[in-house]
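Notes follow the structure.
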Amino acid sequence: MLKIYNSLSRNKQTFTPIEANKVRMYVCGMTVYDFCHLGHARVMVVFDMVSRWFRSSGYDVTYVRNITDIDDKIIKRANENGETIDVLTQRFIDAMDEDFAKLGVESPAFQPRATQHIDGMIAMISALIEKGHAYQATNGDVFYSVRSFANYGKLSGKSLDDLRAGERVEVDTFKKDAMDFVLWKSVKPNEPNWDSPWGKGRPGWHIECSVMSAHHLGAHFDIHGGGQDLQFPHHENEIAQSEATHSCQMANTWMHNGFVRVDDEKMSKSLGNFFTIREVLKKYDAEVVRFFILRAHYRSPLNYSDVHLDDAKASLTRLYTALRGHKVSANTIGWNEPYAARFKAAMDDDFNTPEAVAVLFDLANEVNKTQSMAVASLLKSLGAVVGLLQRNADEFLQGIQPTSDLSKLPADDVLIQDKIVERLIAKDAKNFAEADHIRKELADAGIILEDTPQGTTWRRA
RNA sequence: GGCGCGAUAGCAAAGCGGUUAUGCCGCGGCCUGCAAAGCCGUUUAGACCAGUUCGACUCUGGUUCGCGCCUCCA
């Protein structure tokens, strides 16, 4: 019985799909004007894990993740770069795909782009105007009238009367209420625009998610997710738009993942304290980053630092070390097996990946003690459920980015093998001084040798 | 000002009203020519103050501190 913390009700609830054995899920994706940072990585890995768990649990999952390819920042950046928004957004979409693939994030069923759904947005805005939820202001912009929607604030727990609109940003004087938000912006010089009943212009941000979720999943779907910072106003506004348009509940369950932090502060563009995924991947193996994200609960804050990544790397190394020498692949899991049952119970409890990962470590210990193929296979299979441990163990242990000086590394694996043979000859001759010298030489280059009954193996530090 | 979240050992991070979380690090032992890996054992917990209870890290209230949202943000 899967339980999920629902932001809407502020407690854990048993998950009941709208349609038996099916899950329809929408997650707010990227605005593509720059490289993705670790905060984005977390959303993607978390909801990838969520969709994988649904599938492992026998659900047919339809996962939709949008791409925002038209907004103020994109236009600004394109102008700065002297390129078209199409060129700019496509470049960062490609970069995003590359980053996510490395992190083991599977492609969603649909990745709609805002600019492909302008007609749908115009239709929804028209409907909102007709129903009295939106109005065109004297400057030509169309706004949503928050006071017209009785439940405004139900997701974020905010009351319109307590919000401090205008405290930090000047309120647009064309609005009827300070909290009204824009659905359609009338055209400005040198900006991309589309024809509409309200003149040339472009859509506001929130409307795209209401339109694209309904297009792919219907007016009423199971799960809507995103980063915690989207809960208000973005998700609140989506609800206001969708529910006013369709007169039915939008999503049953709202999920929000916690922030990635740096020195206990939210990682964000405005603070400038962000690390891009590709920056981090220069230093750390992508699976280490994925593991780092999944060993924390998705709703908890996650502090980023090299110390923590080093720790994650050492931990993941233990898991792969247990798998080394076992030629096993992911297999069907018998969920009644005690370890598997514990893993499932953890995942069913609001996706408790830290607990699920603890089971993986217990299995690793079991593998190390018994050398059982069956246990190793289970470890690999449960790892697969969360998108971990699927590489060949030696490939991971020998391929991970070294923490030592790159320039000192032996040119290639062949050279390492030569050194190993050299050392074995010295060992056979009981010339331990020479053998230790060779081992030290390799150790200084970040290569650790391990003598086993089956011979000498190596891995990178 | 409104609303919300959190405080667990050196670091990271879970569950749980009474029984070893887990990982990294440290320490001792086994193994090893010596190491490494592994195995066994082990030192460090539950911000503070009350209350409920036979018993609280776990429930309740308060205090302190930290963080987030109320503007764009994953």
Side-chain angles (χ1 to χ4, degrees), chain A residues 7 10 27-31 36-47 68 71-73 153 156-171 179 181 205 225-234 236 256-261 264-271 274 291-292 295-297 299-303 305 307-319 321-322 324 342 345-346 349 352-362 364-365 367-371 397 427 430-433 435-436 439-440 443 448-453 456-459 461:
Chain A
S7 302
R10 268 152 280 235
V27 172
C28 290
M30 280 288 298
T31 300
C36 298
H37 60 65
L38 231 41
H40 301 116
R42 189 175 193 192
V43 193
M44 298 313 151
V45 169
V46 161
F47 287 101
T68 300
D71 98 325
D72 292 356
K73 276 180 275 197
S156 54
K158 295 186 189 304
S159 140
L160 277 172
D161 298 318
D162 293 332
L163 287 167
R164 289 185 154 196
E167 173 91 0
R168 291 188 287 168
V169 170
E170 214 174 311
V171 174
M179 292 312 297
F181 57 92
W205 174 36
Q228 220 163 45
D229 44 3
L230 296 186
Q231 191 169 352
F232 189 90
H234 184 55
E236 195 69 63
H256 294 96
N257 67 274
F259 296 130
V260 174
R261 296 181 182 176
D264 287 319
E265 266 190 331
K266 175 185 173 183
M267 179 182 288
S268 72
K269 292 255 182 184
S270 43
L271 284 168
F274 62 92
F291 177 81
F292 167 69
R295 51 124 72 143
H297 185 84
R299 285 190 285 118
S300 304
L302 179 62
N303 263 306
S305 78
V307 174
H308 297 151
L309 266 292
D310 287 340
D311 183 279
K313 175 181 165 182
S315 299
L316 187 58
T317 296
R318 174 171 164 81
L319 256 20
T321 302
R324 182 163 57 177
R342 198 145 71 81
D349 182 15
N352 190 343
T353 53
E355 178 65 26
V357 165
V359 174
L360 260 27
F361 282 103
D362 287 344
N365 177 259
V367 172
N368 288 333
K369 274 194 287 201
T370 64
Q371 290 304 312
L397 296 169
K427 270 181 65 172
K430 301 277 183 218
N431 185 353
F432 294 121
D436 290 351
R439 187 170 61 196
K440 174 80 166 44
I448 295 168
L449 297 189
E450 296 175 345
D451 294 333
T452 76
T456 300
T457 61
W458 66 274
R459 65 187 169 90

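Lettering of chains follows the sequences in order, A, B, ..., and the numbering in each one begins at 1.
- Under 4.0 Å is where a charged nitrogen must lie from a carboxylate oxygen, and between R324(A) and E450(A) at least one such pair does.
- Looking at heavy atoms from C-beta onward, V260(A) lies out of side-chain contact with F274(A) at the 4.5 angstrom threshold.
- Heavy-atom contacts from other residues, nucleotides or ligands closer than 6.0 Å to NZ of K269(A) number more than 12.
- By the 5.5 Å and 30° criteria, F259(A) is not stacked with the base of G68(B).
- Residue R342(A) contributes atom CZ, which lies 14 Å from atom P of G15(B) at whole-angstrom precision.
- Taking every side-chain heavy atom of D362(A) into account, U22(B) is the closest of U22(B), C72(B), G33(B).
- Atom CE in M267(A) sits roughly 22 Å away from atom P in C72(B) (whole-Å rounding).
- Side-chain atoms of D451(A) and T456(A) form a donor-acceptor pair, as typed in the model, at a separation below 3.5 Å.
- The side chain of P354(A) sits closest to A14(B) out of A74(B), U22(B), A14(B).
- The nearest whole Å value for the distance from the CZ atom in F432(A) to the C1' atom in G33(B) is 4 Å.
- The side chain of S315(A) approaches C24(B) more closely than any other nucleotide in the set A74(B), C24(B), C72(B).
- One cannot find a donor-acceptor pair under 3.5 Å joining the base of C40(B) and the side-chain atoms of N365(A).
- When the nucleotides A37(B), C69(B), A21(B) are ranked by their closest atom to the side chain of T321(A), A37(B) comes out on top.
- Of the candidate nucleotides A74(B), G2(B), G33(B), A74(B) has the atom nearest to the side chain of N257(A).
- Atom OG1 of T321(A) is separated from atom CZ of R459(A) by 6.0 Å, given to the nearest 0.5 angstrom.
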Taking Watson-Crick and G-U wobble pairs with both distances under 3.5 Å, convert RNA chain B into its dot-bracket string, 5' to 3', dots for unpaired and | for cross-strand pairs.
(((((((..(((.....[...))).(((((.......)))))....(((((..]....))))))))))))....

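- Judged by the 6.0 Å and 45° rule, K427(A) forms no cation-pi pair with F432(A).
- Distance from the side chain of N352(A) is smallest to A14(B) among A36(B), U22(B), A14(B).
- Of the P atoms belonging to C40(B) and G23(B), the separation is 10 Å, rounded to the nearest Å.
- In this entry the distance linking CG of L319(A) with C1' of A37(B) reads 15 Å, nearest Å.
- With a 4.5 Å cut-off on side-chain heavy atoms, R318(A) and F361(A) count as touching.
- With respect to E236(A) and K158(A), no salt bridge is recorded, no charged nitrogen being found less than 4.0 Å from a carboxylate O.
- The NZ-P distance, from K427(A) to A36(B), rounds to 14 Å in whole Å.
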Protein-nucleotides 8-12 of chain B N/O pairs under 3.5 Å:
unit_1	atom_1	unit_2	atom_2	d
A12(B)	O2'	R295(A)	NH1	3.4

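- The side chain of D436(A) approaches G33(B) more closely than any other nucleotide in the set G33(B), A36(B), C24(B).
- If you measure from atom CZ of R261(A) to atom C1' of A13(B), you get 14 Å, rounded to the nearest angstrom.
- Atom P of nucleotide C70(B) and atom CG of L160(A) are separated by 15 Å, given to the nearest angstrom.
- For K269(A) against C72(B), a side-chain-to-base donor-acceptor contact under 3.5 Å is absent.
- Side-chain atoms of H308(A) and S305(A) form a donor-acceptor pair, as typed in the model, at a separation below 3.5 Å.
- Salt bridge K313(A)/D310(A): absent, no basic N to carboxylate O contact under 4.0 Å.
- When the side-chain nitrogen and oxygen atoms of N368(A) are compared with OP1 and OP2 of C39(B), one or more of them lie within a distance under 4.0 Å.
- For the pair I448(A) CD1 and A35(B) P, the computed distance is 16 Å after rounding to whole Å.
- Put simply, R318(A) has a side-chain N or O that comes within less than 4.0 Å of OP1 or OP2 on C39(B).
- Q228(A) approaches G258(A) most closely through the heavy-atom pair OE1-CA, 4.1 Å.
- Dashed line: the shortest gap from a side-chain N or O of K313(A) to OP1 or OP2 of G23(B) is not under 4.0 Å.
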